[in-house]
> 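Provided herewith is a single structure, encoded as structure tokens, for subsequent inquiry.
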Amino acid sequence: MFELVEPIATVTFSEVPNEAFLAVGMRNYWDGYFAGRAAPLGMAPAEVVHAVFYNFADGEVSRHIPWVWGKITPQEAIAVRERGSAAALRQLIGQLADSPGLVRVADLATRAAVSAPTEGRALYAGLRALDVPEKPVARLWHAATLLREHRGDGHNAALLAHGIGGTEAHVLLALSLGMRAEEFGRIHHLPKAQLAGVVDGLRRRGLVDAAGGFTDAGRETKERIEALTDELAAPAYDVLTADELDELIAALEPIAAAAQEVDD
């Protein structure tokens with residue numbers, strides 16, 4: 001489900017929504033990112049957004065929050081994000097946007113997306129408090145976003161339970177992709193000394209070897225985190241019967257493939 005939901009939800013971070021945020025006064029991509037994604041939390045201070053998002057380096061959130069709230073309200077940001085994301089998804093999936101089965105898949109995804117437990121999941125709970133869009137394409141994007149953030153909140157809990165901080169999580173992800181930490185896009189911009197300190201911390205814990213790659217313990221820790229993340233995400237789909245889940249998977253596959261193919 002992660003592989004099917006992720007391409008649909010992440011149209012939010014593509015060019016069409018970005019242009020929509022720039023048009024209302026955001027200075028750059030990251031202003032729009034933080035305004036749109038943090039908006040369900042209201043005008044939360046940077047410290048709260050940093051805690052909820054979990055994986056940004058110190059100081060990155062505060063470069064955008066609360067500045068963005070001087071240009072746009074959370075309610076306006078939610079509307080801009082929804083319109084831009086729905087437009088992007090429609091553009092990406094082409095004729096599938098008007099296919100007869102889209103209403104059904106949007107409805108099944110929404111049933112799952114609004115049924116999951118909210119306890120301990122601040123960002124998911126904030127999204128759950130929003131109205132579900134009426135139009136099928138927007139509703140499907142919204143459902144995918146709910147499912148993605150529900151899983152993300154659980155992933156943060158899994159990281160926390162294993163003592164892995166936000167920047168450390170990016171290092172482990174980079175290694176799992178066969179990349180060195182300094183090559184990974186989400187953290188390669190960090191000061192070399194700062195990133196080296198993070199890697200050294202993982203090395204002292206026996207998770208990274210002298211060459212900067214995984215140890216067996218590091219690989220096992222990453223695998224346990226991913227398994228727990230999947231386990232914590234599963235309750236969102238309990239509301240669906242086995243047949244409905246199979247139907248949802250089959251219907252999402254061409255939509256996710258179309259979005260992924262264009263995105264790649």
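For reference, positions follow the sequence shown, starting with 1.
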> Taking 4.0 angstrom as the limit, do Asp98 and Arg90 come out as a salt bridge?
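Looking at Asp98 and Arg90, the cut-off is met.
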
> At their closest point, which heavy atom of Val5 faces which heavy atom of Arg148, and how far apart are they?
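Smallest heavy-atom distance, with atoms named: CG1-N, 4.1 Å.
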
> If you look at every heavy atom in Ala77 and Ala39, which pair is closest and at what distance?
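Smallest interatomic distance, heavy atoms only, reads CB-CB, 3.9 Å.
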
> Would you say Thr145 and Trp141 are linked by a side-chain donor-acceptor pair, where the criterion is simply a distance under 3.5 Å?
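Yes.
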
> Closest heavy-atom contact between Phe214 and Leu172?
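That would be CZ-O, 3.4 Å.
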
> Honestly, is Arg81 close enough over Phe21, meaning NZ or CZ under 6.0 Å from the six-membered ring centre and within 45° of the axis?
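That pair does not qualify as a cation-pi contact.
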
> Is a side-chain donor-acceptor pair under 3.5 Å present for His189 with Glu60?
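A pair is found: one side chain offers a donor N or O, the other an acceptor, under 3.5 Å apart.
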
> For Val105 versus Leu252, what's the shortest heavy-atom pair and its separation?
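What the structure gives for the nearest pair is CG2-CD2, 3.7 Å.
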
> Do the side chains of Glu6 and Arg151 get close enough for a salt bridge, i.e. N-O under 4.0 angstrom?
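A salt bridge is absent here (no side-chain N lies under 4.0 Å from a carboxylate O).
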
> Between Arg205 and Glu168, is there a side-chain N and carboxylate O pair less than 4.0 Å apart?
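Looking at Arg205 and Glu168, the cut-off is met.
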
> Compute both the distance and the angle, then confirm whether Arg186 meets the cation-pi test with Phe56: under 6.0 Å from the six-membered ring centre, within 45 degrees of the axis.
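Arg186 over Phe56 ring: yes.
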
> How about Leu177 and Phe184: do any of their side-chain heavy atoms sit closer than 4.5 Å?
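When only atoms from C-beta onward are counted, Phe184 and Leu177 do touch, with a gap below 4.5 Å.
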
> Please work out whether the ring planes of His64 and Phe34 are parallel, tilted or perpendicular, with thresholds of 30° and 60°.
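The arrangement is parallel - the two ring planes meet at less than 30°.
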
